[in-house]
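The structure appears right after this line, and notes come after that.
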Amino acid sequence: SLPGSTNGEVLSAVQGYLEAAGYSFGEEEYNVSLTRATVGDPTETVTISIPMQRVSLTHFFGTPTGNMTITAVIPKEGQF
């Protein structure tokens, strides 16, 4: 994340990407978790979880269950 960015700014950027892909936070179609960097752990972590039934391209093998989760871990830039 950019030095000095707030939780709201990071979550807003993630929301913008997800909405561009057709997901709407207002409909609770996904969950975003943010862990900010600390002096002891200088990484920013964003985890996104989306129900499998929302990402399945076909339901040929039945209705998928569970969530698809992706995590991005990014080194913190700048000072703490």
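A quick note: this is a predicted structure, and the numbers were derived from the prediction, not measured.
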- Task: Begin with the C-alpha distance, continue with both residues' side-chain angles, and end with the deciding distance and a verdict on side chain to side chain contact (heavy atoms under 4.5 Å, CB included) for Thr45 and Thr71.
- Result: CA-CA 7 Å; Thr45 304; Thr71 300; 3.5 Å; yes
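- Annotation: the span from Ile70 atom CD1 to Ile50 atom CD1 amounts to 8.5 Å, rounded to 0.5 Å.
- You'll find the side chain of Thr47 stays beyond 4.5 Å of the side chain of Val32, heavy atoms only.
- Val46 places a side-chain heavy atom less than 4.5 Å from the side chain of Val10.
- The backbone N or O of Thr6 sits less than 3.5 Å from a side-chain atom of Glu9, completing a donor-acceptor pair.
- Grouping the Ile, Leu, Val, Met, Phe, Trp and Tyr side chains by contacts below 4.5 angstrom, directly or via other members, places Tyr17 apart from Met68.
- Taking CD from Gln15 and OH from Tyr30, the interatomic distance works out to 4.0 Å, rounded to the nearest 0.5 Å.
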- Task: Let me see the working for Arg36 and Ser5 under side chain to side chain donor-acceptor pair (under 3.5 Å), right down to the final yes or no.
- Result: CA-CA 10 Å; Arg36 300 307 302 255; Ser5 63; 3.3 Å; yes
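- For the atom pair OG of Ser12 and CG of Asn7, the computed distance is 12.0 Å after rounding to the nearest 0.5 Å.
- Residues Asn67 and Ser49 share a closest heavy-atom pair of CB-OG, 3.3 Å.
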- Query: Would Leu34 and Leu11 count as a side chain to side chain contact (heavy atoms under 4.5 Å, CB included) if you check the C-alpha gap in whole Å, the side-chain angles of each, and the deciding distance to 0.1 Å?
  - Reply: CA-CA 8 Å; Leu34 173 62; Leu11 294 173; 4.1 Å; yes
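- Contact detail for Ala37 and Pro42: the closest heavy-atom pair is CB-C, 3.8 Å.
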